[in-house]
There are 2 protein chains.
Amino acid sequence: MASRRVKAERGDAGLPDPQFNVLAMLHAHGAMTPGQLAEAERIQPPSMTRTVNCLVELGLVAKTEHPTDGRQVLVDLTEAGRAEVHETRRRRDAWLTGRLSQLTADERARLGEAVELLRRIAAS
Amino acid sequence: MASRRVKAERGDAGLPDPQFNVLAMLHAHGAMTPGQLAEAERIQPPSMTRTVNCLVELGLVAKTEHPTDGRQVLVDLTEAGRAEVHETRRRRDAWLTGRLSQLTADERARLGEAVELLRRIAAS
DNA sequence: TATTGTTATACTCTATAACTATA
DNA sequence: TATAGTTATAGAGTATAACAATA
């Protein structure tokens, strides 16, 4: 499967996929609660607690209190976390670009269309 | 991701993905050694030993001695294993068919072309 | 000596159930 | 009482290193 080949490209410096996905989600949406992150990644809250704690220990995200609801916690990227997102994307893009360069422009365009269709299916 | 939605469709009766993948591989290629299975799934031999043993305990595969090389072991589907492959495929196909029916025939055709392109990328 | 497979050990991701704190 | 998050516990997948058996 292609997805496993992409993942394998994280190499030594990269994070496990679930951890990186959280960083990417925060990068795209800004600060989120653990509950929101769990729902977005379709995993249970305790699993997300674990992942977030791991990222906190690595200094890639930080928890802050919710301004009005003491039960909730806000998770957001640190500067190091933001740098990690950019670094990982750069590395993955380099690999994928190499692969895509083996296709014709027309083939790449068709691949792009297919991605949209798959997004629609996955969302339903 | 669509792949996670497909996997989620295994429901209560289904096997974890790596285990099912071994069944599917054996179904397609016939008996294989643990080493061949590990290479095909791109995991290390000890991991495959674990997965195969699990399937043996479930009665879905059986190990037999290699006819000429005493070091090697042959793994093959049992009847129950073959039935499991068919059952799981039937269930997954039912889900995917439902999703694909939301697309137009033209869109489905384009998706099929994209699959071929992705196969080429993954193989390289 | 090289190859095949296994055992030992450890880490990550996932889950469910039970608990704490706050609303 | 309901909600958000955590802790406790367990199962599955993966890996590397070390070992046994066979070629």
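Note that the structure is predicted; figures quoted are calculated from it, not measured. Below, read A as the first sequence line, B as the second, and so on, with proteins coming before strands; counting in each chain starts at 1.
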Here the distance between atom P of dG5(D) and atom NE2 of H66(A), to the nearest Å, is 9 Å
Taking dA23(D), dA15(D), dT12(C) as options, the one with an atom nearest any side-chain atom of Q44(B) is dA15(D)
**Q.** Presence of Q72(B) side-chain N/O under 4.0 Å of dA23(D) phosphate oxygens OP1/OP2
**A.** no
Q) Between T33(A) and dG5(D), is there a side-chain N or O to OP1/OP2 distance below 4.0 Å? A) yes
- Query: Given R99(A) and D93(A), is the salt bridge (Lys or Arg N to Asp or Glu O under 4.0 Å) satisfied, shown in steps?
  - Reply: CA-CA 10 Å; R99(A) 301 294 152 170; D93(A) 285 354; over 6 Å; no
Atom CE of M32(A) and atom P of dG5(D) are separated, to the nearest Å, by 11 Å
Donor-acceptor check, side chain of S101(A) to backbone of G98(A), threshold 3.5 angstrom: yes or no? yes
Closest non-hydrogen contact found for A114(B) with A114(A) is CB-CB, 3.2 Å
Testing dA15(C), dA2(D), dA12(D) for proximity to the side chain of P16(B), the answer is dA12(D)
When rounded to whole Å, the CG to P distance for the pair L15(A) and dC11(C) reads 17 Å
Would you check if E116(A) and R110(B) make a side-chain contact, meaning some heavy-atom pair closer than 4.5 Å?
no
Q.
Donor-acceptor pair, distance only, cut-off 3.5 Å: does the side chain of E107(B) make one with the backbone of T104(B)?
A. yes
*With heavy atoms under 4.0 Å as the rule, sort P45(A) into base, sugar-phosphate or nothing.*
base
Whole-Å distance, R71(A) CZ to dA4(D) P, equals 6 Å
Taken to the nearest whole Å, CD/E65(A) to P/dG5(D) is 13 Å
**Message:** For a quick test of reading the model: is some side-chain N or O of K63(B) closer than 4.0 Å to OP1 or OP2 of dT6(C)?
**Reply:** yes
Exactly one candidate in E39(A), Q72(A), M48(A), K63(A) meets side-chain contact (heavy atoms from CB on, under 4.5 Å) with T33(A); the answer is Q72(A)
Within residues 46-59 of chain A, the residues having a heavy atom closer than 4.0 Å to DNA chain D are P46(A), T49(A)
Between CD1 of I43(B) and P of dC11(C) the distance, given in whole Å, is 20 Å
Whole-Å distance, L37(A) CG to dT14(C) P, equals 12 Å
Counting only heavy atoms not in H29(A), do more than 12 fall under 6.0 Å of its NE2?
no
Taken to the nearest whole Å, CZ/R42(A) to C1'/dC13(C) is 18 Å
